[in-house]
K.L.:
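I have a structure here, written as C-alpha cells, and I will follow up with some questions on it.
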Number of protein chains: 2
Amino acid sequence: MKPTIKDIADKAGVSIATVSRVLASKGDSYSKKTGRKVLKIAKEMGYRKNNTAVELVKKKGNVIAVIINATPTNFSTQIIDGIQKQANSLGQHVIILYAGNRSPELQHQAILTALERAISGILLVAIEPDQEDMKLLEGAGTPFCFVSLYLEQNNILAVSSNNRDVAYQATNYLIGHGHKKIGLAGIDQYHTGSQRIDGYRLAMKEHQLDVEDDWIKLGDYSYASGLKLLGDFLSTRVTGIVAASDMVAAGLLNAAQQKGIQLPDQLSIISIDGTVICQIATPALTSVTQDFYTIGVESVNKVMGKKAPLFIPTHITKRSSVAEI
Amino acid sequence: MKPTIKDIADKAGVSIATVSRVLASKGDSYSKKTGRKVLKIAKEMGYRKNNTAVELVKKKGNVIAVIINATPTNFSTQIIDGIQKQANSLGQHVIILYAGNRSPELQHQAILTALERAISGILLVAIEPDQEDMKLLEGAGTPFCFVSLYLEQNNILAVSSNNRDVAYQATNYLIGHGHKKIGLAGIDQYHTGSQRIDGYRLAMKEHQLDVEDDWIKLGDYSYASGLKLLGDFLSTRVTGIVAASDMVAAGLLNAAQQKGIQLPDQLSIISIDGTVICQIATPALTSVTQDFYTIGVESVNKVMGKKAPLFIPTHITKRSSVAEI
DNA sequence: ATGAAAGCGCTAACAG
DNA sequence: CTGTTAGCGCTTTCAT
C-alpha cells in the first residue's frame with residue numbers, strides 16, 4: 001500500500017514526528033542532515049502526503065472551493081484563472097464544484113459537498129442562492145463570498161461588477177448614439193437582472209426617455225435566449241438593444257440577420273461581458289467589458305479575509321454593432 | 001463548534017457507534033426508534049458529516065477528480081455535464097481541478113492535488129501528460145482515465161472521439177464537395193494532432209490527392225490561432241480547410257472576411273467539435289460534431305471499472321461554410 | 001440492537 | 001533537535 005510517514009520513520013530510524021516536521025518544512029526544528037535523509041527516503045518510497053489526514057487534524061484545509069453553474073455564458077474561465085492565480089500565491093489549492101444548470105438541487109448538493117470537508121473558503125460564482133442555500137452557508141462557519149453577483153446585503157461578502165452601473169453605461173452609450181427606443185434583453189429575474197433594470201431605467205429617465213413595458217425581456221443569458229428574444233422585439237420598434245450577455249447578443253444578432261435586418265444600421269446591439277464571442281460575431285459586438293480576471297483575484301482576497309473591493313470597474317469596448325442614428 | 005457524532009450520541013444517550021450506523025443508514029443494525037431519535041437530534045443540531053474523517057478511515061472516497069485545462073475551446077462544459085450526471089447516478093461526487101493553460105507545472109500540481117487525497121478515480125480531460133505526469137499517475141494506484149484524448153496505449157484507459165476518423169470524415173466531406181487542395185489548421189503537435197493528420201492524409205491518399213507540406217498548420221485550438229493561421233494559408237491556394245476546433249474555424253473565418261475573401265465560395269471551412277460557436281459564426285460552420293456529453297458519461301463508467309467504449313461516434317452537421325466546387 | 005475499543009495518517013503540544 | 005503521546009471525527013470489528 002501507499003507509504004505513510006510511519007514507514008519513512010522506520011526506514012530512516014527517526015520518529016514520525018520528525019518526519020512530519022521535515023515534510024512540513026517546519027523551520028529549523030530539525031537538523032539539515034536528518035532533513036536530507038528523510039526527504040531522500042520519502043522520495044525513494046514514492047511518498048505522497050495524505051491530505052485527508054492533515055485536514056482532519058488541522059480542521060482547516062488549504063483549499064478554496066469554487067461553485068459554478070453551467071451558465072450558458074463563457075466568462076467563468078477568466079474568473080477561474082484569476083481565482084487560481086491568487087489562490088496559489090496564498091498557498092491555497094482550488095477545487096471546482098459544478099452546480100449544474102441552475103438546478104436548485106445540484107446547487108444545494110454542491111454547497112453541501114463543499115461544507116462536508118475542511119475548506120478555507122467557498123466562492124460562489126454567479127450563483128443565485130435560495131433560502132436553503134443561505135441557511136446552509138451561514139450556519140457553517142466557513143467564510144464564503146459571492147462572485148459576479150451582488151445580493152445587496154452588507155454583511156455578505158461579494159465581488160462583482162456593478163450591474164446597475166453596467167446597464168447604465170450601456171444604455172447611455174446607445175442614447176449617446178442617438179437611440180431613443182432602447183430594449184434590454186436576456187436578463188434574469190433575480191438580483192443581477194433587477195440591478196441592470198435599475199441602471200437601464202435610470203439612464204432612460206435621466207434623458208427623459210420613456211420605457212415601454214415590452215422593451216424589457218427576460219431570459220437566461222444564453223445564445224438560445226437571444227435567438228428567441230429577437231422575435232419578441234419585432235413589434236416594439238426599438239432601434240437599440242442592451243444584451244445581458246455576449247451569448248444573448250450573438251443570438252439576437254444572428255436572428256436579426258436571418259430576418260434580413262441590417263446590422264447595425266437597422267438595429268444596434270451593445271453586449272455585456274466582452275468575451276471573445278464579441279469578436280467572433282459579425283459585426284463584432286460593442287460591449288461593456290467586465291474584468292473577470294480581477295473579479296476572480298479579488299474574490300479570493302475577500303474570502304481569505306483580506307480587504308478587497310466590492311465592485312470591479314468595467315469599461316466600454318467599441319466594436320461594430322452600434323450605429324449612430 | 002460544529003457538532004460531531006459524539007455530540008449527537010451524548011444528547012441521544014446512545015454510543016457514537018450507533019449514531020454512525022444510523023447516519024450511514026446501515027441496514028437493520030439499529031431499531032427504528034433510535035434511528036428516528038438520532039436523525040431528529042442530528043437535524044436539530046445542524047449536523048454535517050465530516051467527510052474528511054470518513055475518507056481517512058475508509059481510505060477510499062466517493063469523489064471523482066476531473067482535471068481540465070483552460071483549453072481555449074469550450075467543449076468542456078458538455079463533458080462535465082455528462083461526467084456529473086453519471087457520477088451522481090453512481091453515488092460519486094465530482095470535483096474539478098484546473099490545470100491552467102497547458103502549463104506543465106500547474107498540470108503536475110493538479111494531479112498531485114488529486115492524488116493527495118482519497119479519491120475513487122481521476123479523469124483527465126484533454127490533458128496531454130508528460131513523463132512525470134504518467135509516472136505519478138501510474139504509481140498512485142488510483143484508477144485514471146483520459147478523456148477526449150487517446151494515447152494509443154492499450155493498458156491506459158481512455159474515452160474519446162476517434163480523431164483519426166474525425167479528420168478522415170472532415171477531409172472526405174470536403175473532397176466530396178469537389179475540393180482538391182485542402183488544408184488542416186490549428187492542430188497540436190501531440191497525440192490528438194498527429195491522429196488527425198493521419199486521418200487527413202489517409203483521406204487525401206485514397207483519392208490520389210497530394211498533400212503539400214504547408215497545407216498543415218499547427219496551432220493551439222484557439223480563436224487567436226485561427227485568426228493568425230489564415231494569413232499563412234494565403235499563399236497556398238487551398239480551397240478548403242479542416243479546422244481543428246470551432247474556435248480555430250471561427251478565427252479563420254473572421255480573418256478571411258476581413259481580407260475580403262468570400263465564404264464559403266472562395267474558401268470552405270469544416271470545423272471539428274460542433275459546439276454553439278458553429279451557429280454564432282457567420283456563415284454557420286459545418287462541423288464534425290463530437291458527442292461530448294456521452295464522452296463524459298462513458299469516461300465515468302470506465303474509470304469506475306465498468307465497461308465502456310473507447311471511441312464515441314461522431315457525425316457531420318451540415319451548415320453553411322462548405323461550398324460545392 | 002448496541003457499546004467498547006482500535007485505529008485511519010497526520011500534527012502539535014510537551015518533554016527531554 | 002527529537003521522541004512520546006494525545007487526539008482530529010469517523011467506521012468497524014468484536015463482544016454482549
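Protein chains get the first letters and strands the later ones, always in sequence-line order, with residue 1 at the start of each.
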K.L.:
Please check this pair: side chain of B:Asp188 against backbone of B:Tyr221, looking for a donor-acceptor N/O pair closer than 3.5 Å.
P.N.:
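Absent.
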
K.L.:
Give the nucleotide from the list C:dG3, D:dC10, D:dG3 with an atom nearest to the side chain of B:Ala53.
P.N.:
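For B:Ala53, the side-chain atoms sit closest to D:dC10.
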
K.L.:
For D:dT11, does OP1 or OP2 lie under 4.0 Å from any side-chain N or O of B:Lys59?
P.N.:
no

K.L.:
Whole Å only: how far is the CG atom of A:Leu23 from the P atom of C:dA12?
P.N.:
13 Å

K.L.:
What is the separation between atom CZ on A:Arg117 and atom P on C:dC10, rounded to the nearest whole Å?
P.N.:
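From A:Arg117 CZ to C:dC10 P: 17 Å.
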
K.L.:
From OH of B:Tyr47 over to C1' of D:dG9, roughly how many Å is that when rounded to an integer?
P.N.:
7 Å

K.L.:
Taking for each residue the nucleotide of DNA chain D with the nearest heavy atom, is it B:Thr18 or B:Thr52 whose nucleotide lies nearer the 5' end?
P.N.:
B:Thr52

K.L.:
Please state whether the phosphate of D:dT11, meaning OP1 or OP2, lies under 4.0 angstrom from any side-chain nitrogen or oxygen of B:Lys49.
P.N.:
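So the side chain of B:Lys49 is within the cut-off, an N or O lying under 4.0 Å from OP1 or OP2 of D:dT11.
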
K.L.:
Would you mind reading off the distance between A:Lys58 atom NZ and C:dA13 atom C1', rounded to a whole angstrom?
P.N.:
15 Å

K.L.:
Is there, by distance only and without an angle test, a donor paired with an acceptor across the side chain of A:Arg48 and the base of C:dG9 below 3.5 Å?
P.N.:
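Absent.
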
K.L.:
D:dG3 phosphate, OP1 or OP2: any side-chain N/O from A:Ser15 under 4.0 angstrom?
P.N.:
yes

K.L.:
Between A:Ile5 (CD1) and D:dT5 (P), how many Å, whole number?
P.N.:
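Between P of D:dT5 and CD1 of A:Ile5: 16 Å.
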
K.L.:
Does the A:Ser120 side chain pair with the main chain of A:Val63, one donor and one acceptor, at a distance under 3.5 Å?
P.N.:
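Side chain of A:Ser120 to backbone of A:Val63: a pair is present.
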
K.L.:
Do B:Arg21 side-chain and C:dG3 base share a donor-acceptor contact under 3.5 Å?
P.N.:
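For B:Arg21, whose side chain was compared with the base of C:dG3, there is a donor-acceptor pair (under 3.5 Å).
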
K.L.:
Side chain of B:Tyr30 only, heavy atoms from C-beta on: which candidate in C:dT2, D:dT2, D:dC10 is closest?
P.N.:
C:dT2

K.L.:
For B:Arg117, is there an ion pair with A:Glu55 - N to carboxylate O distance below 4.0 angstrom?
P.N.:
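Yes, charged N to carboxylate O under 4.0 Å.
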
K.L.:
Looking at A:Asp133, A:Ile95, A:Leu97, A:Ile96, which one forms a side chain to side chain contact (heavy atoms under 4.5 Å, CB included) with A:Ile67?
P.N.:
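Of all the options given, the one that passes is A:Leu97.
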
K.L.:
Contact between A:Val38 and A:Leu23 at the side-chain level, heavy atoms closer than 4.5 Å - yes or no?
P.N.:
yes

K.L.:
Which part of the nucleic acid does B:Ser29 contact within heavy-atom distance under 4.0 Å: base, sugar-phosphate only, or nothing?
P.N.:
base

K.L.:
Using a cut-off of less than 4.0 Å, is there contact between a side-chain N or O of A:Lys2 and OP1 or OP2 of C:dG9?
P.N.:
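Result: no.
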
K.L.:
Base, sugar-phosphate or nothing for A:Ser20? Non-hydrogen atoms, less than 4.0 Å.
P.N.:
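Base, at least one base atom sits under 4.0 Å.
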
K.L.:
Starting at CG of A:Leu56 and ending at C1' of D:dC10, how long is that distance when rounded to a whole Å?
P.N.:
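Nearest whole value for this atom pair: 8 Å.
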
K.L.:
Expressed in angstrom and rounded to an integer, what is the separation of A:Asn51 atom CG from C:dC10 atom P?
P.N.:
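Rounding to the nearest Å, CG of A:Asn51 and P of C:dC10 are 10 Å apart.
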
K.L.:
When you measure from the side-chain N and O atoms of A:Thr4 to the phosphate of C:dC8, is any distance below 4.0 Å, counting only OP1 and OP2?
P.N.:
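For A:Thr4, the contact criterion (side-chain N or O under 4.0 Å from OP1 or OP2 of C:dC8) is not met.
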
K.L.:
When the distance from NZ of A:Lys6 to C1' of D:dG3 is rounded to whole Å, what number comes out?
P.N.:
14 Å

K.L.:
Mind checking if A:Val14 touches a base, just sugar-phosphate, or nothing, with heavy atoms under 4.0 Å?
P.N.:
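Sugar-phosphate: the residue A:Val14, judged by heavy atoms under 4.0 Å, touches backbone atoms but no base.
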
K.L.:
Considering all heavy atoms of both residues, which atom of B:Met45 and which atom of B:Pro3 are nearest to each other, and what is their separation?
P.N.:
O-CG, 3.4 Å

